[in-house]
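Both backbone and side-chain heavy atoms feed into the values below; hydrogens, waters and symmetry mates do not. Each chain gets a letter, A, B and so on, in the order its sequence line appears, and its residues count up from 1.
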Amino acid sequence: MTTSDKAHTYTPFPFRLELFPPSLQALSKQSTNSREMQGGGSGNNSEPIIDKTRVLDVKPLRTLAPVFPSSSEAPRFVSASPFGPHSSGFSPFYPFSAPQATQATPDLNQQTHTTPAAPLRSFRGTEYNGGAFSGEAGSFDGSKGSAKRKTKFSLQKRARKSRDLDFGLSVDDNNFVVGVSLSERDDGNREVVHSIRMRYDALRRRLSQLEDAKESPVGIIRRADLKAGNILMTKQVRTNMRKRIGAVPGVEIGDMFLFRIEMCLLGLHAPSMAGIDYMSARNDLVEEPLAVSIVSSGYYEDNADDKDVLIYSGQGGAANKDKGATDQKLERGNLALERSLRRGNQVRVIRGMKDSLNQALKVYVYDGLYRIQDSWLEKAKSGCNIFKYKLVRIPGQPDAFGVWKSIEKWKEGLSSRAGLILPDLTSGAESTAVSLVNDVDEDKGPAYFTYVSTVKYSKSFKLTQPAYGCNCQKACQPGNLNCSCIRKNEGNFPYTANGALVCRAPMIHECGPTCPCFPNCKNRVSQTGLKVHLEVFKTKDRGWGLRSWDPIRAGTFICEYAGEVIEKVSQGGEEGDGDDYVFDTSRVYESFRWNYEPGLVEEDSSVEAIEEPKVPSPLVISSKNVGNVARFMNHSCYPNVFWQPIMYENNSESFIHIGFFAMRHIPPMTELTYDYGKSRVGEAEADGGSTPRGRRKCLCGALRCQGYFA
DNA sequence: GATAGATCAACAAT
DNA sequence: CATTGTTGATCTAT
């Protein structure tokens with residue numbers, strides 16, 4: 001097989017050769033070698049050698065006659081798929097040094113995917129994409145300042161009006177069903193993928209919230225993940241339904257998932273449970289199954305220690321309550337993997353592992369494309385035969401699972417973090433250490449400041465409105481409307497059982513230090529300190545930034561904005577004083593949609609939660625001299641973190657805190673960013689194209705970067 | 001009191 | 001249309 005063979009096969013997709021040019025050749029050679037070696041026993045590599053002589057009673061897989069000449073590596077039957085995986089949008093990410101934008105907004109850097117220029121924007125207000133609520137954002141164009149409040153209410157009305165037609169399966173004139181066009185259901189892109197993911201998780205959190213509030217007998221298993229998935233599947237809010245070999249448009253290496261259903265909705269891995277996804281491949285000679293993706297979840301005895309090599313077990317044969325373990329058969333997924341080995345096909349690999357923050361939960365990472373290099377039969381612990389497949393990662397792809405592995409080692413102290421300056425820059429002020437790292441230059445740390453973990457109000461800024469807490473005697477129970485703290489949240493417990501924020505709201509009311517409920521009350525999420533292991537690190541061109549060693553699930557509380565509440569400086573030239581460390585609720589922030597769509601939940605047929613934050617009076621916090629990790633978070637026009645006002649009382653006084661929450665799932669080592677907003681002063685100068693006076697050039701790198709901020 | 005293992009209902013794909 | 005096999009939350013034992 002030669003490169004030109006490939007080029008010929010993939011003629012419609014010229015990106016293909018740009019993808020992993022050196023590795024393709026290298027790997028082709030490898031797999032050819034391994035095929036040649038098959039008759040002779042073990043390969044010539046140094047991977048774990050399995051004693052094949054111990055396997056009895058079963059014909060070796062190798063007796064299967066190859067269906068195609070070995071040169072037919074490139075499967076013709078998929079020639080119609082949009083292989084340009086990240087084709088157009090292929091932008092490698094550099095987990096340890098890249099500017100945040102590369103990771104946080106890789107999708108927006110390129111938009112030349114195969115999706116036809118469908119009038120996506122013309123769809124009603126339920127459509128939103130990632131952080132930029134484009135459908136609505138348009139209405140903000142040119143709007144200054146006060147326009148925001150007005151829109152907050154009109155947004156509600158419009159959304160409700162648009163829901164008059166049944167959200168069922170009917171397709172409207174534009175071929176859209178709930179915001180996903182027909183063509184996007186076949187072939188996705190980054191925007192659609194982000195949109196579906198956010199809608200899914202918002203719906204899932206809302207369903208969890210409703211379940212939490214029900215008084216259901218213990219032992220009942222609640223699967224909000226499946227329920228949300230089922231609703232979106234039924235409504236056709238899904239993409240990449242056309243199966244394909246190779247990359248899936250819109251899904252990037254390193255993307256993280258919490259539920260199998262998420263991967264079904266995105267077309268990354270269709271089966272909701274089975275570990276092997278395959279498709280029937282046909283040419284003039286035969287029809288045979290070929291594997292397209294696998295999930296290594298820990299259910300079988302896989303070996304997933306190596307970041308580039310995965311020893312994967314076939315499916316079936318596992319013991320369950322009705323029957324004991326049996327030998328696996330060479331059928332379905334197992335057969336597909338075997339065929340893919342012969343054909344040298346790429347196989348997508350999703351690696352599952354325990355969530356470092358909660359061992360009971362699982363996280364999945366899309367680790368890119370692998371090729372199957374070998375297969376054999378092996379005795380499982382049960383004594384039955386199981387198939388084993390050796391998958392090797394195609395070189396040249398950005399690290400994904402490898403990053404997680406490295407972090408594991410840093411945590412265990414097996415290898416130290418390169419460039420570590422301080423193991424804990426908070427000197428114990430936070431319950432979780434915050435690393436200080438610079439692997440970019442010689443800078444030994446940010447300028448001196450005093451670390452505090454919460455916001456400090458001076459006397460004159462105390463709010464004087466009457467403050468009262470709840471009277472709950474234990475932990476506040478979701479659904480208990482006798483709890484005044486819950487009533488203040490419109491009767492909804494603001495957090496799921498896992499502690500994720502369900503919805504944005506004008507204000508979140510938590511139980512305060514003087515509420516009588518137990519300290520383990522789940523309505524104190526923002527008061528229990530840092531939970532994720534954060535790292536302050538030197539960016540290439542934007543000073544210090546913040547990122548996490550732990551995966552962060554959408555809705556997770558990250559930290560609050562600590563500092564000193566200050567009297568708002570009269571706007572004007574004075575801001576040139578150089579206080580870059582200011583948070584100000586009165587700035588103009590990009591509107592975006594994060595909450596669930598009520599039309600998708602029976603209980604919420606006509607209620608729409610208002611998202612825009614609302615504080616009684618502008619709150620300005622300076623963290624220049626006194627602050628916490630939040631002061632290191634950089635701005636992005638396409639952020640992955642948002643702020644949310646939170647109020648709770650202490651000794652009959654209410655205080656507002658600014659909490660930061662994850663907008664979407666954030667894989668480890670991805671820079672955390674939020675929208676700094678724009679000050680209203682100088683807004684009129686903002687149309688000139690260049691950075692207006694007093695503003696700062698934005699380096700976030702997002703496609704929709706506005707060019708400046710602050 | 002973390003933590004591993006057992007249990008069980010859910011449900012998309014076939 | 002019934003079957004299949006794996007999942008994620010919860011329960012139980014250590």
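In this structure a side-chain-to-backbone donor-acceptor pair under 3.5 Å is present from Ser340(A) to Ala336(A). One N or O on the side chain of Thr239(A) and one on the backbone of Glu184(A) form a donor-acceptor pair closer than 3.5 Å.
Nearest-nucleotide positions on DNA chain C for Ser272(A) and Ala360(A) put Ser272(A) closer to the 5' end. Two residues, Ile261(A) and Lys354(A), neighbour DNA chain B, and the one matched to the more 5' nucleotide by heavy-atom proximity is Lys354(A). Comparing Gln359(A) and Asp277(A) by the nucleotide of DNA chain B that holds the closest heavy atom to each, the one mapping nearer the 5' end is Gln359(A). With the nearest nucleotide of DNA chain C identified for both Gln315(A) and Asn498(A), Gln315(A) has the one nearer the 5' end.
The interatomic distance linking Leu226(A) (CG) with dG5(C) (C1') rounds to 14 Å, in whole Å. In this structure, OH of Tyr299(A) is placed 11 Å from C1' of dT4(C), rounded to the nearest angstrom. Spacing between atom CD of Glu211(A) and atom P of dA10(B) amounts to 11 Å, rounded to whole angstrom units. The separation between His269(A) atom NE2 and dA12(B) atom P is 15 Å, rounded to whole Å. Whole-Å rounding puts the Gln328(A) CD to dT6(C) P distance at 8 Å. Atom CE of Met241(A) is separated from atom P of dA12(B) by 13 Å (rounded to the nearest Å). To the nearest angstrom, P of dG8(C) lies 6 Å from NZ of Lys362(A). Rounded to whole Å, the distance from CE on Met233(A) to C1' on dA12(B) is 7 Å.
Between dT6(C) and Tyr364(A), no contact under 4.0 Å exists linking OP1 or OP2 to a side-chain N or O. Neither OP1 nor OP2 of dT6(C) sits under 4.0 Å from any side-chain N or O of Ser297(A). The side chain of Asn230(A) contributes no N or O atom lying less than 4.0 Å from OP1 or OP2 of dA10(B).
Relative to the axis of its first five pairs, the axis of the last five pairs of the helix from dA2(B)-dT14(C) to dT14(B)-dA2(C) sits at 0°, rounded to 10 degrees.
Between Pro668(A) and Trp404(A) there is a side-chain heavy-atom pair separated by less than 4.5 Å. Looking only at side-chain heavy atoms (C-beta outward), Met256(A) and Val363(A) come within less than 4.5 Å of each other. Between Glu338(A) and Ser375(A), some side-chain heavy-atom pair lies under the 4.5 Å cut-off. Put simply, the side chain of Pro289(A) does not reach to within 4.5 Å of the side chain of Met279(A), judged on heavy atoms.
With salt bridges taken as basic N to acidic carboxylate O contacts below 4.0 Å, one links Asp550(A) and Lys411(A). Looking at Arg664(A) and Asp201(A), no side-chain N of the basic residue comes within less than 4.0 Å of a carboxylate O on the acidic one, giving no salt bridge. Using a 4.0 Å cut-off between charged side-chain N and carboxylate O, Glu288(A) and Arg339(A) make a salt bridge.
When distances run from any side-chain atom of Phe259(A) to the nucleotides dT6(C), dT3(B), dA9(C), the shortest one goes to dA9(C). Distances were taken from every side-chain heavy atom of Arg332(A) (C-beta onward) to each of dT4(C), dA12(B), dA13(B); the shortest belongs to dT4(C). Of the candidate nucleotides dA12(B), dC11(B), dG8(C), dC11(B) has the atom lying nearest to any side-chain atom of Met273(A).
Between the side chain of Arg223(A) and the base of dT7(C), at least one donor-acceptor pair of N or O atoms lies under 3.5 Å.
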Side-chain donor/acceptor pairs under 3.5 Å, residues 263-274 of chain A, sequence neighbours excluded:
| residue | atom | partner | partner atom | Å |
| --- | --- | --- | --- | --- |
| His269(A) | ND1 | Ser293(A) | OG | 2.7 |
| His269(A) | NE2 | Arg260(A) | NH2 | 3.4 |
| His269(A) | NE2 | Ala274(A) | O | 3.0 |

Mind listing the N/O atom pairs, protein and nucleotides 1-3 of chain C, below 3.5 Å?
none

Tabulate atom names and distances for all N/O pairs under 3.5 angstrom spanning the protein and nucleotides 12-14 of chain C.
none

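Residue Leu258(A) is in sugar-phosphate contact alone, with no base atom involved, counting any heavy-atom pair closer than 4.0 Å across all strands shown. In this structure, Tyr278(A) reaches neither bases nor backbone, as no heavy-atom distance under 4.0 Å exists between it and the strands shown. Nucleic acid contact class of Gly229(A) (heavy atoms, under 4.0 Å, all strands): none.
With sequence neighbours excluded, the residues that form a ring pair (Phe, Tyr, Trp, His ring centres under 6.0 Å) with Phe642(A) are Phe592(A), Trp594(A). Every residue meeting the side-chain hydrogen bond (donor to acceptor under 3.5 Å, both in side chains) condition with Glu262(A), not counting sequence neighbours, appears here in chain and number order: His665(A).
Under a cutoff of 6.0 Å and an axis angle of 45°, Arg197(A) and Phe257(A) form a cation-pi pair.
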